[in-house]
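Lettering follows sequence order; numbering is per chain, from 1. Bear in mind that the values here come from a model prediction, so they are computed numbers and not experimental data.
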Number of protein chains: 2
Amino acid sequence: METTRINLQSKSLVRTAALAKAIGHPVRIAILQFLSGRDVCICGDITDVIPLAQSTVSQHLKVLKEAGLIKGDVEGVKTCYCLNRDGLREFEQLFSSLFSELNSPDSGNCC
Amino acid sequence: METTRINLQSKSLVRTAALAKAIGHPVRIAILQFLSGRDVCICGDITDVIPLAQSTVSQHLKVLKEAGLIKGDVEGVKTCYCLNRDGLREFEQLFSSLFSELNSPDSGNCC
DNA sequence: ATAATTAATCGTAATTTTACGATATATAAA
DNA sequence: TTTATATATCGTAAAATTACGATTAATTAT
């Protein structure tokens, strides 16, 4: 048969999956959307609009930050969160290349 | 303050998150890529190229199928899996509108 | 100096995910 | 009919996720 095993450790594979996982929750997408709708860095207002405990929102923010999708700057007693443009760009690129791969003409359509 | 609570049950929000979650694992992305690289419907060859137990691969296939990203047709003793074009299109659309939302000009870039 | 405020972190419980081997089921081959 | 094959499902264990309230740490206000 001689089928080559797939390398599950491929950099872009792992990174794409991690980014997808990071936005794989309604609350986290909502946070990104909320941040995008502001031209000023908002901070803990996020907690006000998300109907969850402060600690839970903080956890979701951490996930987004660790995935590189948002940035957070401490400003006094508050923390200023905003979108991470670089992370979003990377995300968009990885996804568009994934989609173009999945849409390649040699992809069958038998079912 | 008068801040409007975010509706976390929004159809597209929930659906986008579910799709993202479905591809939020390297194995599942690898399966999609493998399926796209074939012009014939392959079946259990997936199990051969993924270095995981058959039952585990089957579970991942189920996740992808339930998310509407692949289709599976039983053909005799084998099962023929292939990409679900409609699901992928939907995915692409939801993601592109999410990205354009996140890239809107009024989105701040203060950090 | 003390009190109030913001937000992260801790501890915890409930649920979900991921992986495995074993088993069941259904078809095809002998 | 019996045997082999492919694949789904079951049972289970370990780990991760999600949510919460309580606490802590840091800063600002009194």
Side-chain angles (χ1 to χ4, degrees), chain A residues 1 3 5-6 8-9 13-14 17-32 34-35 40-67 69-82 111, chain B residues 1 3 5-6 8-9 13-14 16-32 34-35 38 40-67 69-82 111:
Chain A
M1 277 295 128
T3 29
R5 283 281 178 95
I6 285 172
L8 296 177
Q9 270 71 52
L13 188 67
V14 171
L19 283 167
K21 194 175 181 181
I23 66 157
H25 193 292
V27 167
R28 292 197 288 268
I29 296 181
I31 290 174
L32 293 178
F34 182 70
L35 286 176
V40 204
C41 238
I42 58 91
C43 313
D45 322 286
I46 304 165
T47 313
D48 296 337
V49 295
I50 304 276
L52 292 174
Q54 177 264 320
S55 55
T56 306
V57 174
S58 192
Q59 239 175 266
H60 284 299
L61 287 168
K62 196 179 177 186
V63 171
L64 288 171
K65 194 176 176 182
E66 281 174 355
L69 291 171
I70 62 173
K71 290 191 267 187
D73 279 345
V74 177
E75 273 175 20
V77 75
K78 304 189 175 182
T79 303
C80 165
Y81 281 106
C82 60
C111 304
Chain B
M1 276 295 131
T3 30
R5 281 284 176 96
I6 286 173
L8 296 176
Q9 270 71 52
L13 188 67
V14 171
T16 308
L19 284 166
K21 194 175 180 182
I23 66 156
H25 193 293
V27 167
R28 293 197 287 268
I29 295 181
I31 290 174
L32 293 178
F34 182 70
L35 287 175
R38 314 243 132 186
V40 204
C41 236
I42 58 91
C43 312
D45 322 287
I46 304 165
T47 314
D48 297 336
V49 296
I50 304 275
L52 292 174
Q54 177 264 322
S55 54
T56 305
V57 174
S58 192
Q59 238 175 266
H60 284 298
L61 287 167
K62 196 179 178 186
V63 172
L64 288 172
K65 194 176 176 183
E66 281 174 354
L69 291 171
I70 63 172
K71 290 192 268 187
D73 279 345
V74 177
E75 274 175 19
V77 75
K78 303 189 176 182
T79 303
C80 166
Y81 280 106
C82 61
C111 308

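- Rounded to 10 degrees, the angle between the two end axes of the helix from C:dA1-D:dT30 to C:dA30-D:dT1 is 10°, with five pairs used at each end.
- Of the candidate nucleotides D:dA19, C:dA19, D:dA8, D:dA8 has the atom nearest to the side chain of B:Tyr81.
- What separates NZ of A:Lys21 from C1' of D:dA15 is a distance of 10 Å, to the nearest Å.
- The distance from the NE2 atom of A:His60 to the CD1 atom of A:Ile50 is 8.5 Å, given to the nearest 0.5 Å.
- Atom CD1 in A:Ile46 sits roughly 14 Å away from atom P in C:dT6 (whole-Å rounding).
- Atoms NZ and CG, on A:Lys78 and A:Asp73 in that order, are 15.0 Å from each other to the nearest 0.5 Å.
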Please tabulate, for the side chains in residues 16-25 of chain B, all donor-acceptor contacts under 3.5 angstrom to protein atoms that are two or more places apart in sequence or on a different chain.
from    : atom 1 : to      : atom 2 : distance (Å)
B:Thr16 : OG1    : B:Ser12 : O      : 2.5
B:His25 : ND1    : B:Val27 : N      : 3.1

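- Between A:Gly76 and A:Pro51, the residue whose closest nucleotide on DNA chain D is further toward the 5' end is A:Pro51.
- From B:Arg28, atom CZ reaches atom NZ of B:Lys62 across 13.0 Å, with rounding to the nearest 0.5 Å.
- The side chain of B:His25 sits closest to C:dA19 out of D:dT18, C:dA19, C:dG21.
- Rounded to whole Å, the distance from CD1 on B:Ile23 to C1' on C:dT18 is 18 Å.
- Residue contacts shown for A:Leu61 are absent, as no nucleic acid heavy atom lies under 4.0 Å away.
- Of all heavy-atom pairs between B:Ala30 and A:Leu13, the closest is N-CD1, 3.9 Å.
- The distance from atom CG of A:Leu64 to atom P of C:dA7 is 16 Å, rounded to the nearest whole Å.
- In this entry the distance linking CG of B:Leu52 with P of C:dT17 reads 17 Å, nearest Å.
- The CZ-P distance, from B:Arg28 to C:dT16, rounds to 15 Å in whole Å.
- Closest to the side chain of B:Thr56, from the set D:dT7, C:dA19, C:dT9, is C:dA19.
- Counting any heavy atom pair closer than 4.0 Å across all strands shown, A:Lys65 reaches no nucleic acid atom.
- The two residues B:Leu35 and B:Tyr81 make their nearest non-hydrogen contact at CD2-O, 3.5 Å.
- The interatomic distance linking B:Ile50 (CD1) with D:dA6 (C1') rounds to 17 Å, in whole Å.
- Looking at which nucleotide of DNA chain D each of A:Gln54 and B:Ser58 is closest to, the 5′-most match is held by B:Ser58.
- The shortest non-hydrogen separation linking B:Asp48 to A:Arg5 is O-NE, 3.1 Å.
- Contact annotation: A:Thr79 side-chain N/O to C:dA8 OP1/OP2 distance is under 4.0 Å.
- In this structure, A:Gln59 atom CD and D:dT18 atom P are separated by 8 Å, rounded to whole Å.
- Nearest to the side chain of A:Val77, among D:dC20, D:dT27, C:dA8, sits D:dT27.
- OP1 or OP2 of C:dT17 has not a single side-chain nitrogen or oxygen of B:His60 nearer than 4.0 Å.
- Nearest heavy-atom pair, B:Leu61 versus B:Ile70, reported as atom, atom and distance to 0.1 Å: O-CD1, 3.5 Å.
- Taking the nucleotide of DNA chain C with the nearest heavy atom to each of B:Ser55 and A:Lys62, the more 5' of the two is matched to A:Lys62.
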